[in-house]
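Please read the structure below before turning to the comments.
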Amino acid sequence: MTVITFLGAGSVVFTRELLADLLNFDELRGVTLSLHDIDTERLETAEAIARRTAEQLGATPEIRTSLDRRRALEGSTYVINAIQVGMHAATVRDFEIPAKYGLRQTIGDTLGVGGIFRALRTFPVLEGIARDMQEICPDAWLLNYTNPMAMNIGYLAAVAPELKAVGLCHSVFWTVHDLCELIGVPLDEVDYSAAGVNHQAWLYRWEHRGENLYPKLDALLESDDDLKRRVRMDMYKRLGYFPTETSEHSSEYVPWYLHNDAEVERLRIPVGDYLRISQGNLDEYAQVRGDVLAGKPLDLHREATEYAPQVIHSMETGEIRRIHANVANRGLISNLPENYAVEVPCVVDRLGVRPERVGALPAQCAAVNRPFVSVGELTVRAAIEGDPAKVRQAAMVDPNTAATLTLDQIWELCDELTVAHGDLIPTALR
């Protein structure tokens, strides 16, 4: 029996999309869905969505729910992790407190002080999940969606190296999808590979029937001044390879843009954008909950792009797929640090997720990745060693933070965020 467990099932919009993709596969229409959340109302909403989704698709899964994580994990074959520790209130603190110091962020879930403190809130729960899985379902795969992706996978590689954990993110797919649309080439005719770290990987091959597509993008950029006013386009022109996350994300991983008013204006960077997105998620949750309780049908017609359903289908059926995923760097990228998380092409089939060795990234791309990795490595070490100084050191070496604040300001900011997050931060780091 295939048991798919959702941790953080109360992230109902995301859960709805994953469920629709899963139950659209003929081979997965009778699986067991185990839903877990720590919030009773959200768990009830997730269950209602699961049952409505199954009904609309004519699928017959067994659906069970539990507020107890260990019970939810019983018999699990796959565990999908989509938790957010601290929810919207913690996100607001991660933006409003740095803003008082003059530190700009856009998304704040991957790097910078926002990413550091989100990681510190998440690590204790991740360690508990890993411990429970190793005891209750040791053969299960952990499919992680929770950010900060690289820090979370790096942390799991350090504290639970035996766990079959892989981080899934659609940023590479959507980057290629949008670039192909931009230059007018069908996505299904394109071959591509990317590698680096999550949200800052690099599209190092992008071809249509053997033809390199970068010259087409170059020609378009030359003729379109408006297109040049995007962070990723600016980075691509200067580095020679396209980064695989949005311009909003990309702007806060480097020291070049957010501290400068003119660059924020030139490249139209939406400072603080994730506060709007996070509030929008709450509004969408309320709407979806209202719709499902009112008996309205769910909108299940969408392009299936999430990796978890595809990964599960390939492992269950043996259908071979090639995706991009996040795993520990064990000889995969030679010019990035060993054991920290990297994003690389992977083959998926009944044998699981098998990463491809990339070798060396282009030197300039690896050089941009290394500060990104350093922030994550120090954050992971801070948590494992219970060392508050390493939290501050992680913020010190963060490119955007270092370009904006003095060292005293960085330490004061970390002190204030630590107090503000209270019990969500591990005791040793307070």
Checklist entry - Under the salt bridge (charged side-chain N to carboxylate O under 4.0 Å, His left out) criterion, do D68 and R71 qualify, and how do the steps go? => result CA-CA 5 Å; D68 184 295; R71 179 171 294 180; 5.5 Å; no
Checklist entry - Which is it for R16 and D299 under the salt bridge (charged side-chain N to carboxylate O under 4.0 Å, His left out) test, yes or no, and what are the steps along the way? => result CA-CA 9 Å; R16 176 192 62 186; D299 180 8; over 6 Å; no
Next on the checklist: The test is salt bridge (charged side-chain N to carboxylate O under 4.0 Å, His left out); show your working for E338 and R330 and say whether it passes.
Outcome noted: CA-CA 6 Å; E338 283 283 304; R330 294 175 179 137; over 6 Å; no
Checklist entry - Would H324 and Y192 satisfy ring-ring contact (aromatic ring centres under 6.0 Å, His included), going step by step from the backbone distance to the final call? => result CA-CA 10 Å; H324 288 77; Y192 61 92; 5.7 Å; yes
Checklist entry - What do the steps show when you test V271 against V264 for side-chain contact (heavy atoms from CB on, under 4.5 Å), and what is the final call? => result CA-CA 8 Å; V271 175; V264 170; 4.2 Å; yes
Checklist entry - Going through the distances and angles, do R93 and E416 end up as a salt bridge (charged side-chain N to carboxylate O under 4.0 Å, His left out)? => result CA-CA 10 Å; R93 290 192 289 271; E416 189 170 345; over 6 Å; no
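Looking at S250, its side chain never comes within 3.5 Å of a backbone N or O of S247 through a donor-acceptor pair. A donor-acceptor pair is defined here as one N or O able to donate and one able to accept, closer than 3.5 Å; such a pair exists between the side chain of Q364 and the backbone of L239. Formation of a donor-acceptor pair under 3.5 Å by the R430 side chain with backbone atoms of I425 is found in this model. With S314 contributing its side chain and I320 its backbone, the two residues share no donor-acceptor pair below 3.5 Å. With hydrogens and angles ignored, the 3.5 Å screen pairs a side-chain donor or acceptor of N329 with a backbone N or O of L336. Under the 3.5 Å distance criterion, the side-chain polar atoms of N400 are matched with a main-chain donor or acceptor of R104. Panel note: side chain N335, backbone L361; a donor-acceptor pair is recorded below 3.5 Å. Listed for the K164 side chain is a donor-acceptor partner under 3.5 Å among the backbone atoms of D139. Formation of a donor-acceptor pair under 3.5 Å by the S76 side chain with backbone atoms of V79 is not found in this model. Side-chain N or O atoms of Q310 include one that pairs as donor or acceptor with a backbone N or O of E306 at under 3.5 Å.
Listed by chain and number, the residues in a salt bridge (charged side-chain N to carboxylate O under 4.0 Å, His left out) with E135 are R70 (sequence neighbours excluded). Partners of R357 according to the salt bridge (charged side-chain N to carboxylate O under 4.0 Å, His left out) rule, which considers only residues two or more places apart in sequence or in another chain, do not exist here. Scored by the side-chain hydrogen bond (donor to acceptor under 3.5 Å, both in side chains) test, E47 finds R51 as partners (sequence neighbours excluded). Not counting sequence neighbours, R350 has no partner by the salt bridge (charged side-chain N to carboxylate O under 4.0 Å, His left out) test. Not counting sequence neighbours, Q56 has no partner by the side-chain hydrogen bond (donor to acceptor under 3.5 Å, both in side chains) test. Residues passing the salt bridge (charged side-chain N to carboxylate O under 4.0 Å, His left out) test with R321 are E319, sequence neighbours excluded. Residues passing the side-chain contact (heavy atoms from CB on, under 4.5 Å) test with D37, sequence neighbours excluded: D39, R42, L43.
Each of T418, L405, D408 was evaluated against L413; a single residue qualifies, L405, per the side chain to side chain contact (heavy atoms under 4.5 Å, CB included) test. Here the options are R232, R276, R230, R268, the test is salt bridge (Lys or Arg N to Asp or Glu O under 4.0 Å), and the partner is E248; only R230 passes. Tested against P61 for a side chain to side chain contact (heavy atoms under 4.5 Å, CB included), the candidates T53, I4, T32, L23 yield a single pass: L23.
Side-chain contact check for E207 and Y214: no donor-acceptor pair (N or O, by modelled atom type) lies under 3.5 Å. Side chains of E252 and T106: a donor on one and an acceptor on the other come within 3.5 Å. For the residue pair R289 and T45, a side-chain donor N or O sits within less than 3.5 Å of a side-chain acceptor on the partner. Neither side chain, E74 nor S34, offers a donor N or O lying under 3.5 Å from an acceptor on the other. Looking at D283 and Q279, their side chains do bring a donor and an acceptor atom within 3.5 Å of each other. With no hydrogens or angles considered, no side-chain donor-acceptor pair links T244 and T175 at under 3.5 Å. A donor-acceptor contact closer than 3.5 angstrom is absent between the side chains of Q200 and E245.
Contact detail for A194 and L203: the closest heavy-atom pair is CB-CA, 4.1 Å. Summarising the geometry of A119 relative to P148, their closest heavy-atom pair is CB-CG, 3.6 Å, with the distance given to 0.1 Å.
Residues L120 and V391 have side chains in contact (heavy-atom distance under 4.5 Å, counting atoms from C-beta outward). By the 4.5 Å heavy-atom criterion applied to side chains, I107 and I277 are counted as neighbours. Counting heavy atoms from C-beta outward, L35 and I63 have side chains that approach closer than 4.5 Å.
Among residues at least two apart or in separate chains, ring pair (Phe, Tyr, Trp, His ring centres under 6.0 Å) pairs with a member in residues 9-54 are F14-Y145, F25-H313. Counting only residues at least two apart or on different chains, the salt bridge (Lys or Arg N to Asp or Glu O under 4.0 Å) pairs with a member in residues 235-244 are D234-R238. Judged as a ring pair (Phe, Tyr, Trp, His ring centres under 6.0 Å), the pairs with a partner in residues 327-376 (not counting sequence neighbours) are, in order, Y253-F372. Applying the salt bridge (Lys or Arg N to Asp or Glu O under 4.0 Å) definition to pairs two or more places apart or across chains, those involving residues 113-127 are D94-R121. The ring pair (Phe, Tyr, Trp, His ring centres under 6.0 Å) analysis of residues 60-79, with sequence neighbours excluded, yields no pairs.
Rounding to the nearest 0.5 angstrom, the gap separating the CG atom in L267 from the OG atom in S251 is 9.0 Å. In this structure, CG on L103 lies 12.0 Å from CD1 on I97, to the nearest 0.5 angstrom. Separating the CD atom in Q84 from the OG1 atom in T146 is a distance of 8.5 Å, to the nearest 0.5 Å. Put simply, CG on D261 and CG on L258 are 10.5 Å apart, with the number rounded to the nearest 0.5 Å.
Checked against a 6.0 Å centroid threshold, the rings of Y155 and F123 count as neighbours.
Within a 6.0 Å sphere centred on CD1 of I136, heavy atoms belonging to other residues, nucleotides or ligands number more than 12. In R29, the CZ atom is crowded: over 12 heavy atoms of neighbouring residues, nucleotides or ligands sit closer than 6.0 Å.
Look at R69 and D132 and you find a salt bridge, because one of the NZ, NE, NH1 or NH2 atoms lies within 4.0 Å of a carboxylate O, short of that distance.
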